[in-house]
Participant: 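Mind looking over this structure? Questions follow.
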Amino acid sequence: MSIFNAQATASIQICRIMRPDDANIVGNVHGGTILKMIEEAGCIIGTRHCNTQNGDRCVAALARVERTDFLHPVFIGEVAHVSAEITYTSKHSVEVQVNVLSENIVTGAKKLTNKATLWYVPLSLQNVAKIIEVPLIEYSSPEQEEAGKKRYEAQKLERIETKVRNGEIIMSVSLPEPYTVAFSQSSLIHLIGPSDCTLHGFVHGGVTMKLMDEVAGIVAARHCKTNIVTASVDAINFHRKIKKGCVITVSGRMTFTSNKSIEIEVFVDADPLVEAEKGKYRAVTAFFTCISLDKENKPLLVPPLKLEGEEEQKQFEEGKARYLQKKAKRLADKECQQ
């Protein structure tokens, strides 16, 4: 196997300015944004290195990330410089060490914000189950190679121990009976950030409606196990404004099914974390109607909703009344057009 010079082939640097979408409400860049950039740098350098030899083309797949410390915060407007270097290679894995520097482009000040170690394995593009052999790198000294080997053996042992401890079988959780309201009800939780808001610091209605539609789609898909599309939305009532920094919970539950349609009631509850004394409140409500489609995009029959208790029966009857009212209105509109 060929040996490659680490300095020539095994280091890269990428940089990007931090924008409002990358940060929380006070301007601190999310840790997840930095972790994503770290992994992108590691994937680029790992994939590039593993394709420096003849044979199957491959892509470096992330196998492990060692403990990562966030030494200093990064802020909106700063430039993140992410440098990655391959520091050890075994037969089937690559160790990449990554440093992140933040630069204030006004003052020129730089500071080290993150250090991370990542391990990758190269997977063949022709057969994803096939692990490619890794080209070896050249070390500056035997001590450097030995230190890398010790890190490799340590992480390998810890991965094995973790796998044994956690097991591979996901323990089954007792779920409600299929086709009930409880079985399909779903929620999404979202932190309202700067990019979600108007200039006045309140969330855009479109952001809220998009999340509501996503939840309605999830509820309907869980019930039908098919492709789902939104057919209509009843009046959406925005009861109270949602401010930047609130955590919103978007919840959906089925209320009615006809032969080919599903009605889902969706709520948006807001929790003002910074002003916790104000307490949670219901901000938006609406009814979404979805339909189930087959592979040819033709409507399918909807499994009937199994009702449990008087409250669900009441909601079903109210949903049926709304369904019949909308159906009658469609027929009336159709007659007027003729």
Participant: Any salt bridge between D56 and K130, counting N to O under 4.0 Å?
Facilitator: yes

Participant: Going through the checks in order, is the salt bridge (Lys or Arg N to Asp or Glu O under 4.0 Å) test met by E275 and K278?
Facilitator: CA-CA 6 Å; E275 301 173 303; K278 293 187 176 180; 3.5 Å; yes

Participant: Which heavy atom of I262 sits nearest to which heavy atom of M254, and what is that distance?
Facilitator: CG2-CE, 3.2 Å

Participant: For C43, is there any backbone N or O sitting under 3.5 Å from a side-chain donor or acceptor partner on T47?
Facilitator: yes

Participant: Quick one: does D22's side chain have a donor or acceptor within less than 3.5 Å of a partner on M18's backbone?
Facilitator: no

Participant: Say whether I44 and V98 are linked into one hydrophobic cluster, either directly or through other cluster members, by side-chain heavy-atom distances under 4.5 angstrom.
Facilitator: yes

Participant: What heavy-atom pair brings G42 and V96 nearest, and what distance separates the two atoms?
Facilitator: CA-CG1, 4.1 Å

Participant: Please determine whether residues I86 and I131 belong to a single hydrophobic cluster, defined as Ile, Leu, Val, Met, Phe, Trp and Tyr linked transitively by side-chain heavy-atom distances below 4.5 Å.
Facilitator: no

Participant: Could you check whether any side-chain N or O of E335 sits under 3.5 Å from a backbone N or O of A332, counting only pairs where one atom can act as donor and the other as acceptor?
Facilitator: no

Participant: What are the two closest non-hydrogen atoms of I45 and E85, and how far apart are they?
Facilitator: CD1-CA, 3.8 Å

Participant: Taking all non-hydrogen atoms of both residues, which atom of P20 and which atom of I76 are closest, and how far apart?
Facilitator: CA-CD1, 3.8 Å

Participant: Distance only, no hydrogens: is a donor on one side chain within 3.5 Å (strictly under) of an acceptor on the other, for H204 and T198?
Facilitator: no

Participant: If you draw a 6.0 Å radius around CZ in R19, do more than 12 non-hydrogen atoms from other residues or ligands fall strictly inside?
Facilitator: no

Participant: Step by step, work out the salt bridge (Lys or Arg N to Asp or Glu O under 4.0 Å) result for K149 and E145.
Facilitator: CA-CA 6 Å; K149 185 176 181 181; E145 182 177 7; over 6 Å; no

Participant: Per the side chain to side chain donor-acceptor pair (under 3.5 Å) rule, which among E95, E146, E66 passes with R151?
Facilitator: E95

Participant: Report yes or no: do D213 and T230 form a side-chain donor-acceptor pair below 3.5 Å?
Facilitator: yes

Participant: Can you tell me how far CG of D271 sits from CD1 of I192, rounded to the nearest 0.5 angstrom?
Facilitator: 11.5 Å

Participant: How long is the gap from CD1 on I264 to CE on M212, to the nearest 0.5 Å?
Facilitator: 11.5 Å

Participant: Establish whether L118 and L35 are linked, either directly or via other cluster members, by ILVMFWY side-chain heavy-atom contacts under 4.5 Å.
Facilitator: yes

Participant: Where do L293 and I291 land on the side chain to side chain contact (heavy atoms under 4.5 Å, CB included) test, with the steps shown first?
Facilitator: CA-CA 7 Å; L293 300 178; I291 57 175; 4.1 Å; yes

Participant: Let's go through H72 and N114 carefully: what are the C-alpha distance in whole Å and the side-chain angles of both, what is the deciding distance for side-chain hydrogen bond (donor to acceptor under 3.5 Å, both in side chains) to 0.1 Å, and is it a yes or a no?
Facilitator: CA-CA 8 Å; H72 297 283; N114 298 82; over 6 Å; no

Participant: Give, for atom CD of E312 and atom NZ of K306, the distance between the pair rounded to the nearest 0.5 Å.
Facilitator: 12.5 Å

Participant: Suppose we screen for salt bridge (Lys or Arg N to Asp or Glu O under 4.0 Å). Which residues come up paired with K210, at least two apart in sequence or across chains?
Facilitator: E214

Participant: Is it true that, when you exclude Y179 itself, more than 12 heavy atoms of the residues, nucleotides or ligands shown sit nearer than 6.0 Å to its OH?
Facilitator: no

Participant: Decide yes or no on side chain to side chain contact (heavy atoms under 4.5 Å, CB included) for V302 and L300, but give the supporting numbers first.
Facilitator: CA-CA 6 Å; V302 173; L300 290 169; over 6 Å; no

Participant: Does a sphere of radius 6.0 Å around NZ in K326 hold more than 12 heavy atoms from other residues, nucleotides or ligands, not counting ones at 6.0 Å or beyond?
Facilitator: yes

Participant: Does N104 use its side chain to pair, donor to acceptor, with the backbone of G108 at less than 3.5 Å?
Facilitator: no

Participant: Take E161 and R159, measure what salt bridge (Lys or Arg N to Asp or Glu O under 4.0 Å) needs, and give me the verdict at the end.
Facilitator: CA-CA 5 Å; E161 290 175 347; R159 286 181 65 197; over 6 Å; no

Participant: When you measure from the side chain of T180 to the backbone of E177, do you find a donor-acceptor pair of N or O atoms at a distance under 3.5 Å?
Facilitator: yes

Participant: E103 and side chain to side chain donor-acceptor pair (under 3.5 Å): which single residue from H81, K111, K110 fits?
Facilitator: H81

Participant: Determine the minimum heavy-atom distance between S251 and V215, stating which atoms define it.
Facilitator: C-CG1, 3.8 Å

Participant: Is the closest basic N to carboxylate O distance between R282 and D269 below 4.0 Å?
Facilitator: yes

Participant: Answer yes or no: is there an ion pair linking E311 with K314, defined by an N-O contact shorter than 4.0 Å?
Facilitator: no

Participant: How many angstroms lie between CD1 in I12 and CD in E40, if you round to the nearest 0.5 Å?
Facilitator: 10.0 Å

Participant: Walk me through whether E39 and L62 qualify under side chain to side chain contact (heavy atoms under 4.5 Å, CB included).
Facilitator: CA-CA 8 Å; E39 199 285 321; L62 184 63; 3.7 Å; yes

Participant: Within the distance-only criterion (no hydrogens, no angle test), does the side chain of T113 pair as donor or acceptor with the backbone N or O of P73 below 3.5 angstrom?
Facilitator: no

Participant: With distance as the sole criterion, is a donor-acceptor pair present between the side chains of E318 and Y323 under 3.5 Å?
Facilitator: no

Participant: Compute both the distance and the angle, then confirm whether R222 meets the cation-pi test with F183: under 6.0 Å from the six-membered ring centre, within 45 degrees of the axis.
Facilitator: no

Participant: Classify the ring geometry of F256 against F316: parallel below 30°, tilted from 30° to 60°, perpendicular beyond 60°.
Facilitator: tilted

Participant: Report whether V247 and V268 are members of the same hydrophobic cluster (ILVMFWY, side-chain heavy atoms less than 4.5 Å apart, transitive linking).
Facilitator: no

Participant: Taking the six-membered ring of F287 as reference, does the NZ or CZ atom of R322 fall below 6.0 Å from its centre and within a 45° cone about the axis?
Facilitator: yes

Participant: Determine yes or no for a side-chain-to-main-chain donor-acceptor pair under 3.5 angstrom, with Q53 supplying the side chain and E133 the backbone.
Facilitator: yes

Participant: Taking side chain as C-beta onward, heavy atoms only, is I34 less than 4.5 Å from V100?
Facilitator: yes

Participant: Under a 4.0 Å N-O cut-off, is there an ion pair linking E263 with K320?
Facilitator: no

Participant: Are side-chain N/O atoms of S292 and T226 paired as donor and acceptor at under 3.5 Å?
Facilitator: yes

Participant: Once you round to the nearest 0.5 Å, how far does CD1 of I137 lie from NE2 of H49?
Facilitator: 6.5 Å

Participant: What's the separation between atom NE2 in H30 and atom CG in D21, rounded to the nearest 0.5 Å?
Facilitator: 9.0 Å

Participant: Heavy-atom count check: over 12 atoms from other residues, nucleotides or ligands less than 6.0 Å from Q325 CD?
Facilitator: no

Participant: For S186, does its backbone N or O pair with a side-chain atom of R253 as donor and acceptor, under 3.5 Å?
Facilitator: no

Participant: In terms of hydrophobic clustering (I, L, V, M, F, W, Y; side-chain heavy atoms under 4.5 Å; direct or indirect links), are V250 and M209 co-clustered?
Facilitator: yes

Participant: Go through the steps for H239 and T285 under the test side-chain hydrogen bond (donor to acceptor under 3.5 Å, both in side chains), then give the verdict.
Facilitator: CA-CA 8 Å; H239 306 292; T285 57; 2.9 Å; yes

Participant: Give a yes or no answer on whether the side chain of Y281 reaches the backbone of R240 with a donor-acceptor pair at less than 3.5 Å.
Facilitator: no

Participant: Which atom pair, heavy atoms only, marks the closest approach of A286 to I236?
Facilitator: CB-CG1, 3.7 Å

Participant: Is it true that a side-chain atom of N51 and a backbone atom of C58 form a donor plus acceptor pair closer than 3.5 Å?
Facilitator: yes

Participant: Mind running side chain to side chain contact (heavy atoms under 4.5 Å, CB included) on N237 and V284 for me, showing each step along the way?
Facilitator: CA-CA 6 Å; N237 295 296; V284 191; 5.9 Å; no

